[in-house]
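Read through the structure below, which is laid out as structure tokens, and then see the notes.
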Protein chains: 2
Amino acid sequence: MGRGYKWGQKLAGHGFRLTAAREAILDVLSSTNEHVSAEDIYMTVHADNPRIGLTTIYRTLELLEQTGIICKFEFGHGRAKYELSEANSHKKHHHHLICKKCRKIIDYTEFAKAEREYIQKAETGLEKKYRFTIDDHLIHFYGICPECKTG
Amino acid sequence: MGRGYKWGQKLAGHGFRLTAAREAILDVLSSTNEHVSAEDIYMTVHADNPRIGLTTIYRTLELLEQTGIICKFEFGHGRAKYELSEANSHKKHHHHLICKKCRKIIDYTEFAKAEREYIQKAETGLEKKYRFTIDDHLIHFYGICPECKTG
DNA sequence: ATGATAATGGAAACCATTTTCACTATAGAG
DNA sequence: CTCTATAGTGAAAATGGTTTCCATTATCAT
Ligand SMILES: [Mn+2]
Ligand SMILES: [Mn+2]
Ligand SMILES: [Zn+2]
Ligand SMILES: [Zn+2]
């Protein structure tokens, strides 16, 4: 029951195999708190295993997103970024604080109570009024980080 | 004091001219409630004035965004979408409800009180804890619209 | 082992957006 | 009004992240 076991189980549950490439990609995602791009992952994986191509990175990221193992974010900075989903990391449910200048992205988990209240009220109300079935939400705050203010 | 007057003033305040192309683009944005892409705008503008090129659409959208006249959204569907900013339309402050299947986007303005409470609390707290200066936020809810459920 | 299917990598294609560059329109000086 | 500097423009080319193609390889069930 090695490190890959958990992922193997997860993927098998969706009819996929845990290959070396997939494990390498999941390793990168598991061992960072950053929000990494396909190319970030490619470069890290490539250092250890140059046989793994960028195409496989993209394919795997799509697969992992479909199976709910990772989340994809388009912060509007050109390239998509990924992180392990809540259920698959020790990260708590969080939202993002983004510096408009340097593009730093901070996960914050505070204000959970106030957030739950608002989200819950809004979701219920929107489901009723617009007859949507809502299953996800996204909250970003934008501003200037302390480094960019003084710099 | 024609229709373009207001825009002329706004742009002049930033050192820009109100040209025919810019007015045409602002007309499109003013006369829709949808979230339109550069190409949407191009096609509409092009019908009346085929001399206006797509490059100018992109350039103008960037300019209008910089001057705060419009807002750009990257909903993650490949192309950016634009709408007049709050101050420049009769739309109220709103957020978005998005169908994951058909990509329909609904503006909602409900829950303003609960939202203000949460936003206010979060912003204050985040500014204090992370020393950011926050000036914007974005909230999206995702789900399936009624048409896509029955379809 | 064998055949069926899943996974892979490199090259090419895709496609929204940006850049380049030569040209045109305009405002402001004189 | 004319001249000139500058702002604005369009077509074509470039860009760059992502996707598709296709021939090859790995893996699973029999
Ligand atoms: Mn995050
Ligand atoms: Mn909107
Ligand atoms: Zn910053
Ligand atoms: Zn729908």
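The analysis underlying the following values was restricted to heavy atoms, covering all of them including side chains, and did not include hydrogens, waters or symmetry mates. So that the names make sense, note that chain A is the first sequence line, chain B the second, and so on, each numbered from 1.
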Checklist outcome for this item: Rounded to whole Å, CG of Leu18(B) lies from C1' of dT26(C) at a distance of 13 Å

Checklist entry - To the nearest angstrom, how far is Tyr42(A) atom OH from dG16(D) atom P? => result 17 Å

Checklist entry - Do the charged groups of Lys92(B) and Glu86(B) touch, with an N to O distance under 4.0 Å? => result no

Checklist entry - Given atom CD of Glu74(A) and atom P of dG17(D), what is their separation to the nearest angstrom? => result 13 Å

Checklist entry - Any side-chain donor-acceptor pair under 3.5 Å between His140(A) and His140(B)? => result no

Checklist entry - At under 4.0 Å, does any side-chain N or O of Arg79(A) touch on OP1 or OP2 of dG16(D)? => result no

Item to check | Check ion pair Asp40(B)-Arg79(B) (N to O, under 4.0 angstrom) | outcome: no

Next on the checklist: Counting primed atoms plus P, OP1 and OP2 as sugar-phosphate and everything else as base, spell out the protein contacts along nucleotides 19-30 of chain D at 4.0 Å heavy-atom distance: B, S or - for each nucleotide, 5' to 3'.
Outcome noted: BBB-----BS--

Item to check | Atom-pair distance (CD on Gln66(B); C1' on dT18(C)), nearest Å | outcome: 14 Å

Next on the checklist: I'd like to know if the side chain of His14(A) pairs up with that of Gln66(A) as donor and acceptor (distance under 3.5 Å, no hydrogens or angles considered).
Outcome noted: no

Item to check | Length of the CG-P vector between Leu63(A) and dA7(C), whole Å | outcome: 7 Å

Item to check | Donor-acceptor side-chain pairing of Asp27(A) and Ser30(A) below 3.5 angstrom | outcome: no

Next on the checklist: Do the side chains of Glu127(A) and Arg131(A) get close enough for a salt bridge, i.e. N-O under 4.0 angstrom?
Outcome noted: no

Next on the checklist: Nearest whole Å is fine: how far is dG8(D) P from Phe16(B) CZ?
Outcome noted: 7 Å

Checklist entry - Nearest-Å distance, CZ (Phe75(A)) to P (dG17(D))? => result 17 Å

Checklist entry - To the nearest angstrom, how far is Ile52(B) atom CD1 from dA25(C) atom P? => result 13 Å

